[in-house]
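Note that this is a predicted model, so its numbers are computed, not measured. Proteins come first, then strands; the chains are lettered A, B, ... in the order of their sequence lines, and each starts at number 1.
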Number of protein chains: 2
Amino acid sequence: MTKAVKPVSGEARHYIRIKEQILADIAEGKLQPGDRVSSESELVAAFGVSRMTANRALRELMFEGVLKRSAGIGTFVSPKHLDVDLLQIRNIADEILERGHTHKAVVVKAGLMKADANVADALELTLGAEVMHSLIVHVENGQPIQVEERYVNPLVAPNYLSADFGRMTPHEYLTKVAPITAFEHIVQAVKPDRAIRKYLGLKNDHPCLRVFRRTWSGEAVVTCALLYYPGAQYRLEARSSKGPSKPVAILGEKQ
Amino acid sequence: MTKAVKPVSGEARHYIRIKEQILADIAEGKLQPGDRVSSESELVAAFGVSRMTANRALRELMFEGVLKRSAGIGTFVSPKHLDVDLLQIRNIADEILERGHTHKAVVVKAGLMKADANVADALELTLGAEVMHSLIVHVENGQPIQVEERYVNPLVAPNYLSADFGRMTPHEYLTKVAPITAFEHIVQAVKPDRAIRKYLGLKNDHPCLRVFRRTWSGEAVVTCALLYYPGAQYRLEARSSKGPSKPVAILGEKQ
DNA sequence: GCGGGTAGCCTGTATATACAGGTCGGTCGC
DNA sequence: GCGACCGACCTGTATATACAGGCTACCCGC
């Protein structure tokens, strides 16, 4: 009696197809922030799936922060912002790929340098010790979204500079070499200097979030990095584990 | 024919109960990283739910990074769990007093209002419900350092407005009335509007950190607040609990 | 004109059922 | 004895169905 729709085999699963379609519509601008997305029953008609499948696609996109839903009203595209979790460290390339977007890393600089007082302090090395340094701009769908200035402890990851950052982000490489056992995040709002503005394509008065991150592997500091994010588009999130799941609009923002 | 289990009404939904049970077992150490978690069918038997419900609980915990699943093998507690402890909520008055400075709170507004869509959503109340609202400027040694705009759930703290904010900060009062069991922080860098600039005594292009904070006591949202800090002067810190203690200068800053 | 009730749409949750496919251990046949 | 098959168990995906409850727009009666 049931339609016995085979759950496809090699191809994408139904709920993934729905998610991809919605992400594509957003990427192409067919769906703008605030726009209403097809309701579950409309998706049922359009894709020939059951409501549970449509529900799953929409629910997952909501958890991923792409959509906002409210019972009785409908489902809407969230205002565009990128979320970063303050209490865990994620690979920026993964985050971007999960949103269905393309990621590219542009290596501006990579080389050796002598640690000045701040760097030596941060990496717990002696003044003047040789450290590795890289400056990378991360680009999502052609738009720069993060400047990453990184200093790496050569005692922990001596071959850092020979990694191919086009294929593997510094973070990815370093966690492979030395798994993270502890981290520290310090967040500030800053006026970006001219170089950062240039890399991110920002206007003069656009505020930036600056995250100073250090990671440890065992007793040793693996690396420290300054991460610059273009201001209001970015939100850093921190939740206690029992905390909520559903994204909520920040007060004072439209919609 | 079907069992017609009512989806509960006031209480937690079934899949939430399962998630809470698993999280509790992990918290109490009954489940260690790497341990096998009950399979879906075992949960079906234990909780009297359908497999789809058990599946949802486990799948969400997987997305949240708590569990790892693999078909044919089973479900296991994730190894990582870099402790999510810090970025704790502190009372700004305590921080200031610890620095040996004086703290003063200036109450700009305090009163009742009807919740608009965003406030209702944030406090998990219905649209138009009456909520309490306060706008306070915190002053350290005569200099304003935080604007705190707060909305309070009257079901949790009905007497909020009669508290004396000169003697006890809103945060202090609220934690006394309803201990915090969960929180959420969302951090952004923004250009402050004129009112905020005025309260903080800032120039036009000075960036601000804006922290949107919600706190829970049990299932209820106690309060949500927008906190504005003058940009580079303020740092928000988050550390894994195994992390470092010694403060370090942020790279790029003098001294 | 205006206020209240209701029908209809939407999401949230839950159930029972089904098939696909991975993993593992035991058994049977050579 | 050893290898191949098979069945048990697990997750992954999908369907049809049901009821609860929020929200809106429309209509009807006063």
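Closest approach of B:R150 to B:P170, counting heavy atoms only: NE-CB, 3.4 Å. Smallest separation of non-hydrogen atoms from A:Y229 and A:L200: C-CD1, 4.4 Å. Nearest heavy atoms, A:A163 versus A:Y173: CB-CD1, 3.7 Å.
OP1 or OP2 of C:dT15 sits under 4.0 Å from a side-chain N or O of B:T53. OP1 or OP2 of D:dT13 lies within a sub-4.0 Å distance of a side-chain N or O belonging to A:Y15. For the pair A:S70 and D:dC23, the criterion of a side-chain N or O lying under 4.0 Å from OP1 or OP2 is not met. Proximity of A:S50 to the phosphate of D:dT17: no side-chain N or O atom is located under 4.0 Å from OP1 or OP2. Between C:dC9 and A:S41, no contact under 4.0 Å exists linking OP1 or OP2 to a side-chain N or O. Contact between the side-chain N/O atoms of A:R36 and the OP1/OP2 oxygens of C:dC10 is found at a separation under 4.0 Å.
From B:Q146, atom CD reaches atom SG of B:C208 across 11.0 Å, with rounding to the nearest 0.5 Å.
In this structure, B:N55 atom CG and C:dA14 atom C1' are separated by 13 Å, rounded to whole Å. Counting to the nearest Å, the P atom of C:dT13 and the NE2 atom of B:H14 are 12 Å from each other. For the pair B:R51 CZ and C:dC19 C1', the computed distance is 11 Å after rounding to whole Å. Straight-line distance from the CG atom of B:L58 to the P atom of D:dC10: 12 Å, rounded to whole Å. Atom CD1 in B:I73 sits about 11 Å away from atom P in D:dG12, given to the nearest Å. Per the geometry, CZ belonging to B:F76 stands 16 Å off P belonging to D:dC9, to the nearest Å. Between B:E60 atom CD and C:dG12 atom C1' there is a gap of 12 Å when expressed in whole angstrom units. With rounding to whole Å, B:L67 atom CG is found 16 Å from D:dG12 atom C1'.
Ring pair B:H133/B:Y151 is tilted by interplanar angle, where 30° to 60° counts as tilted.
With hydrogens and angles ignored, no donor-acceptor pair closer than 3.5 Å exists between the side chain of B:R56 and the base of D:dT11.
Screening residues 36-45 of chain B for salt bridge (charged side-chain N to carboxylate O under 4.0 Å, His left out) gives B:R36-B:E42, B:E40-B:R51, B:E40-B:R69 as the qualifying pairs, with residues at least two apart or on separate chains.
Between A:T223 and A:Y160, the side chains place no donor N or O within less than 3.5 Å of an acceptor N or O (distance only, hydrogens not considered).
Across all strands shown, B:R59 has no heavy atoms under 4.0 Å from either base or sugar-phosphate atoms.
Of the two residues near DNA chain D, B:E40 and B:M52, the one whose nearest nucleotide lies more 5' is B:E40. Each of A:A71 and B:E42 was matched to the nucleotide of DNA chain D holding its nearest heavy atom; the match closer to the 5' end belongs to B:E42.
Each of B:D25, B:L31, B:L61 was evaluated against B:V77; a single residue qualifies, B:L31, per the side-chain contact (heavy atoms from CB on, under 4.5 Å) test.
Axis angle across the helix from C:dG1-D:dC30 to C:dC30-D:dG1, with five pairs used at each end and values rounded to 10°: 20°.
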